[in-house]
Number of protein chains: 2
Amino acid sequence: MTDITNRRKILDFYRSHYRMPSYAEIMDITGLRSKDSVFKLVGRLSRDGYLRKDRRGRILPTSVLGEIKILGLVEAGIPSVAEEESIDTIALDEYLIKDRDSSYLLRVKGDSMKDAGIVEGDLVIAERADNAKEGEIVIAEVDGGWTMKYLRMKKGQPYLEPANEAYEPIYPTDSFAISAVVRGVVRKYT
Amino acid sequence: MTDITNRRKILDFYRSHYRMPSYAEIMDITGLRSKDSVFKLVGRLSRDGYLRKDRRGRILPTSVLGEIKILGLVEAGIPSVAEEESIDTIALDEYLIKDRDSSYLLRVKGDSMKDAGIVEGDLVIAERADNAKEGEIVIAEVDGGWTMKYLRMKKGQPYLEPANEAYEPIYPTDSFAISAVVRGVVRKYT
DNA sequence: TTGTCTGGCGAACGTTCGTTCGCTATACTT
DNA sequence: AAGTATAGCGAACGAACGTTCGCCAGACAA
């Protein structure tokens with residue numbers, strides 16, 4: 001059993017238990033029969049940067065739950081080379097969400113934003129805000145209903161523009177209030 | 001200081017330290033001066049479902065680092081009601097990535113998949129696989145180059161179809177191998 | 001006013017923690 | 001063959017852990 005294999009088992013424990021295992025638990029996980037073996041294993045993993053220890057000796061993951069490799073570019077137009085070297089790793093949650101308390105997800109219905117790459121069934125990450133810059137995609141309440149559109153300006157007045165030629169821009173007549181700004185889009189294929 | 005405020009402090013600790021605080025650390029965080037106060041606080045939070053304890057009394061978060069609220073539907077076509085009631089919360093990482101070790105991200109270049117809602121700059125989540133079902137979006141090596149397209153079949157032979165009328169389908173002549181299946185798409189507006 | 005309930009306090013308890021020690025077996029070098 | 005380094009073992013250690021206890025002050029109801 002290699003150290004790396006054991007490290008994977010430890011991280012699997014972290015993912016399923018939301019905490020790192022104790023040395024006694026690592027004994028169960030790895031099959032080692034003494035805490036000193038675990039102590040030395042942890043020492044090796046820690047020396048090589050695969051784990052950390054806090055001030056009290058308890059172990060911590062170096063990379064966060066949820067990190068994923070970024071491998072490279074894929075040329076969606078003309079085939080190009082995607083090298084098999086990992087460029088970087090990121091945590092999707094941290095990448096997408098800046099302020100967790102003021103952010104929420106909305107599931108998209110309809111196709112009025114399809115030319116912006118937002119289609120039915122997508123999740124959009126909305127961050128609460130009562131104003132936005134021109135050109136941003138906003139969630140807004142207009143004339144009594146909620147909608148998601150590009151925010152545009154004409155003669156100093158805001159209006160909402162869909163990303164689909166089949167729909168017309170919305171010029172608020174009665175009321176208009178921005179509720180949130182769309183910060184990201186997430187789609188999952190099942 | 002309300003219990004909920006203290007719970008937020010505890011979860012903030014978890015987010016920044018990748019582990020839950022000990023009772024002594026909760027004393028520092030909250031300003032409480034006895035471990036029994038913490039013990040009772042934890043008891044209340046646990047009773048109300050805001051925390052869990054494991055077998056040994058150590059506390060765990062009920063909701064994972066990175067969970068975010070799903071608020072409702074947004075009708076992208078015609079404005080409809082998006083109620084302000086939180087329907088559910090999910091962790092984006094877990095939502096998007098099934099098998100972390102065989103998954104990676106690729107940044108999209110080009111516009112050949114724009115009608116599928118995948119545009120330049122998007123990150124796609126690719127899961128390594130050497131075969132796929134018809135209709136899935138795949139990363140494939142064809143005639144010496146890499147590309148991302150819909151997998152289609154004609155007369156038992158696979159070919160690749162873009163989601164953009166400006167591009168032509170690719171019929172492999174020399175070599176063809178599926179490298180990965182696209183499981184999700186992530187876009188961030190900056 | 002009196003009784004009851006709750007949250008917080010300081011002190012003490014037994015358990016589990018990470019760590020260290022002496023030892024053995026194996027692998028590799030000289 | 002002899003010497004060195006490494007991984008693993010069982011046992012023991014002090015420190016930190018969650019828990020429990022008796023007590024007190026404030027809030028609220030009877």
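Remember, predicted model here, so these are calculated numbers, not experimental data.
- For A:Tyr23 and C:dT19, the OH to C1' distance is 8 Å, given to the nearest whole Å.
- Atom CD1 of B:Ile26 is separated from atom P of D:dT19 by 11 Å (rounded to the nearest Å).
- Between A:Arg19 and A:Glu25 there is a salt bridge, since at least one side-chain N of the basic residue sits less than 4.0 Å from a carboxylate O of the acidic one.
- If you measure from atom CD of B:Glu25 to atom C1' of D:dG18, you get 13 Å, rounded to the nearest angstrom.
- Under a 4.0 Å N-O distance rule, the pair A:Glu120/A:Lys109 does not qualify as a salt bridge.
- Residue B:Arg58 places its side chain closer to D:dC17 than to any other of D:dC17, C:dG22, D:dT19.
- As a whole-Å value, the separation of A:Met27 CE from C:dC17 C1' is 13 Å.
- As rounded to whole Å, 7 Å separates atom P of D:dG8 from atom CG of A:Asp3.
- Computed from coordinates, the B:Asp54 CG to D:dG18 C1' distance equals 10 Å when rounded to whole Å.
- Minimum atom distance to the side chain of B:Ser34 is reached by C:dG8, of the listed D:dG8, C:dG8, C:dC17.
- With rounding to the nearest 0.5 Å, the separation of CG in B:Leu11 from CE in B:Met20 is 5.5 Å.
- Clustering ILVMFWY residues whenever any of their side-chain heavy atoms sit less than 4.5 angstrom apart, transitively, puts A:Tyr14 in the very cluster that holds B:Ile59.
- Computed from coordinates, the A:Asp36 CG to C:dC21 C1' distance equals 8 Å when rounded to whole Å.
- Heavy atoms of B:Leu32 sit under 4.0 angstrom from primed sugar atoms or phosphate atoms, though from no base atom.
- Note on A:Arg56: a side-chain N or O is less than 4.0 Å away from OP1 or OP2 of D:dC17.
- Within the nucleic acid shown, A:Arg44 comes within 4.0 Å of sugar-phosphate atoms alone, with no base atom in reach, counting heavy atoms only.
- A sub-4.0 Å separation between OP1 or OP2 of D:dC9 and a side-chain N or O of A:Arg33 is present.
- Judged by distance alone with a 3.5 Å cut-off, a donor-acceptor contact links the side chain of A:Lys40 to the base of D:dG8.
- At D:dA7, none of the side-chain N or O atoms of A:Ser37 fall inside 4.0 Å of OP1 or OP2 (strictly under the cut-off).
- When the P atom of C:dG7 is taken as reference, atom CG of B:Leu45 falls 11 Å away, rounded to whole Å.
- Considering only side-chain N and O atoms, A:Ser22 lies nowhere under 4.0 angstrom from the phosphate OP1 or OP2 of C:dT16.
- Within the nucleic acid shown, A:Lys35 comes within 4.0 Å of at least one base atom, counting heavy atoms only.
- Annotation: the span from B:Gln157 atom CD to B:Tyr171 atom OH amounts to 12.0 Å, rounded to 0.5 Å.
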